[in-house]
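Remember, it's a predicted structure, so these values are computed and weren't measured experimentally.
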Amino acid sequence: MLGGSRCISQHCNFHCSAHQFSTILAASTLTSNSSFKNLRIRLRNRNSSSSCLSNKVCDFGVNCVPPKSSDTQSSLLSETLSQSGTDEEPPSERLPILTGGIVALGKFDALHIGHRELAIQAAKRGIPFLLSFVGMAEVLGWEPRAPIVAECDRKRILSSWAPYCGNVMPRELQIDFSKVRYLTPCQFVEKLSKELGVRGVVAGENYRFGYRAAGDASDLVKLCEEYGLEAYIINSVMDTNQISGALNSNDGKERGQVSSTRVRYALHKGDMKYVSELLGRNHRLILMMEDQERFTSERNRLSAPKSCLLNLAPKEGLYENCSVLIDKNVIPCRVIVDTTDIHLECYEVDRFSCVTSQDLKILGIDFGSPELDGVQIL
């Protein structure tokens with residue numbers, strides 16, 4: 001855990017109007033695992049030449065067949081702001097903010113405390129951005145899986161990081177993986193410098209990039225120096241509360257640090273206290289409410305198919321000390337997760353009608369941090 005840090009508990013109102021919700025749906029469609037696709041803008045390609053430390057073709061950690069030279073030179077950069085279309089500003093107004101920024105490098109799928117530390121360090125040096133790749137699963141043929149954080153919930157989490165980051169909310173910048181997979185480490189840093197105009201990067205000590213993970217943190221420092229960028233390598237945020245042996249020992253990246261793998265492991269075990277420690281916040285499950293004809297309700301209980309969830313639910317079981325937030329009102333409840341459905345049981349029957357409101361399109365369900373015996377596994 002981070003020494004001296006404090007957890008910011010921030011609730012977000014997931015009650016949206018029909019107009020707002022239609023705007024969200026117009027801006028993005030649901031993927032196979034029900035998460036929102038990223039909202040992207042394309043930056044103009046720039047062809048440039050530069051000396052490189054290595055001319056080896058690279059693919060950011062995976063095996064692949066080298067492409068044609070024209071494919072190698074092409075690029076597609078996309079900025080994902082993790083917000084609905086109602087908040088989107090025109091590209092002409094948005095691009096200048098990238099210049100001079102400091103980008104934190106990583107995957108950022110769980111937005112856990114290790115990711116937060118990268119954002120904190122980036123904010124100390126300039127305007128903080130989180131830079132990661134999108135579309136890796138589709139390109140590499142990985143089996144789709146639910147995200148830990150719903151796409152529509154990422155802005156709320158990043159906003160909660162602002163007090164740690166000089167009251168500046170980190171922004172997300174995502175690069176289409178299919179367009180950079182063949183770049184050498186040198187070409188990738190060149191892209192950061194010449195196409196994005198960033199001033200520097202922050203990365204963890206175990207960060208690797210390039211074809212077959214050719215580049216490591218030391219290579220990143222050397223390349224950034226060559227291109228006139230600042231580079232900051234920070235120590236991993238370690239998980240001091242769990243035994244690494246419980247995880248996959250064959251994972252070469254597993255050194256006891258906080259990771260998205262550990263968050264998924266804790267959710268799989270139904271250990272919400274551990275999940276909260278790794279995330280630095282309570283886990284929020286997002287339920288799509290627009291298809292309520294598929295729901296059932298009686299007295300103080302609402303049941304919905306798990307296919308209506310936008311992110312990863314914990315292990316099947318009964319979870320006390322949960323809550324939903326509607327119009328800034330916190331409604332305590334408990335959650336039951338089974339093989340096919342999720343069930344909400346409100347402790348206060350007279351407030352249950354708020355949960356089943358036809359105007360409610362998205363519902364955020366917060367899991368508290370009870371003691372281990374507060375979670376009853378079925």
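When all heavy atoms of R181 and L140 are compared, the pair lying nearest together is NH2-CD2, 4.0 Å. In terms of heavy-atom proximity, N321 sits nearest to Y347 at N-OH, 3.6 Å. L267 approaches H283 most closely through the heavy-atom pair CD2-CD2, 3.8 Å. Smallest separation of non-hydrogen atoms from L131 and F188: CD2-CZ, 4.1 Å. Across every non-hydrogen atom of A266 and V275, the tightest pair is CB-CG2, 3.4 Å. Of all the heavy atoms in C354 and I331, the pair that sits closest is CB-CD1, 3.9 Å.
H268 is linked by a side chain to side chain donor-acceptor pair (under 3.5 Å) to nothing, counting only residues two or more places apart in sequence or in another chain. Judged as a side-chain contact (heavy atoms from CB on, under 4.5 Å), and not counting sequence neighbours, the contacts of P305 are R294, F295, S307, C308, D341. Judged as a side chain to side chain donor-acceptor pair (under 3.5 Å), and not counting sequence neighbours, S297 has no contacts. With sequence neighbours left out, the salt bridge (charged side-chain N to carboxylate O under 4.0 Å, His left out) criterion links E225 to no other residue. With sequence neighbours excluded, the residues satisfying side-chain contact (heavy atoms from CB on, under 4.5 Å) with S178 are V139, D176. The side chain to side chain donor-acceptor pair (under 3.5 Å) test applied to D216 returns S218, not counting sequence neighbours. For D109, the salt bridge (charged side-chain N to carboxylate O under 4.0 Å, His left out) criterion is met by no residue, not counting sequence neighbours. Taking H112 as the reference, H115 meet the ring-ring contact (aromatic ring centres under 6.0 Å, His included) condition, with sequence neighbours excluded. Residues forming a side-chain contact (heavy atoms from CB on, under 4.5 Å) with A231 (at least two apart in sequence, or on another chain): V201, V221, C224. Among residues two or more places apart in sequence or in another chain, the side chain to side chain donor-acceptor pair (under 3.5 Å) test is passed with E205 by S236.
Listed by first and then second residue, the salt bridge (charged side-chain N to carboxylate O under 4.0 Å, His left out) pairs that reach into residues 295-304 are R301-E345, sequence neighbours excluded. Residue pairs meeting the side-chain hydrogen bond (donor to acceptor under 3.5 Å, both in side chains) criterion with at least one partner in residues 122-135, sequence neighbours excluded, are Q121-R125.
Remark: side-chain polar atoms of K191 are not paired, donor with acceptor, to backbone N or O of V180 under 3.5 angstrom. The closest donor-acceptor contact from the side chain of R351 to the backbone of V330 lies under 3.5 Å. In this structure, S159 contributes its side chain and K155 its backbone to a donor-acceptor pair below 3.5 Å. With hydrogens and angles disregarded, no donor-acceptor distance shorter than 3.5 Å links the side chain of D338 to the backbone of E316. Remark: the backbone N or O of G114 is not paired with any side-chain donor or acceptor of E117 at under 3.5 angstrom.
There is a path of hydrophobic side-chain contacts, each under 4.5 Å, that joins I233 to F209. Note on V168: it does not cluster hydrophobically with I102, by side-chain heavy-atom contacts below 4.5 Å among ILVMFWY residues.
Classification of K222 and E226 as a salt-bridged pair fails, no side-chain N sitting under 4.0 Å from a carboxylate O.
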Salt bridge (charged side-chain N to carboxylate O under 4.0 Å, His left out) between E290 and K361: does it pass, once the steps are laid out? CA-CA 5 Å; E290 87 286 359; K361 300 303 181 182; over 6 Å; no
Go through it in stages, so that I can follow the logic: the residues are V237 and Q257, the test is side chain to side chain contact (heavy atoms under 4.5 Å, CB included), and I'd like the CA-CA distance, side-chain angles, deciding distance and then a yes or no. CA-CA 6 Å; V237 176; Q257 73 274 20; over 6 Å; no
Going through the checks in order, is the side chain to side chain donor-acceptor pair (under 3.5 Å) test met by Y274 and D239? CA-CA 10 Å; Y274 184 27; D239 175 15; 2.4 Å; yes
Decide yes or no on side chain to side chain contact (heavy atoms under 4.5 Å, CB included) for R264 and L312, but give the supporting numbers first. CA-CA 8 Å; R264 288 185 179 274; L312 185 61; 3.5 Å; yes
Test log, rule side chain to side chain contact (heavy atoms under 4.5 Å, CB included), inputs L310 and M288: CA-CA 7 Å; L310 293 184; M288 296 288 290; 3.5 Å; yes
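No side-chain heavy atom of L302 sits less than 4.5 Å from a side-chain heavy atom of H343.
Looking at S323 and D366, their side chains never bring a donor and an acceptor atom within 3.5 Å of each other.
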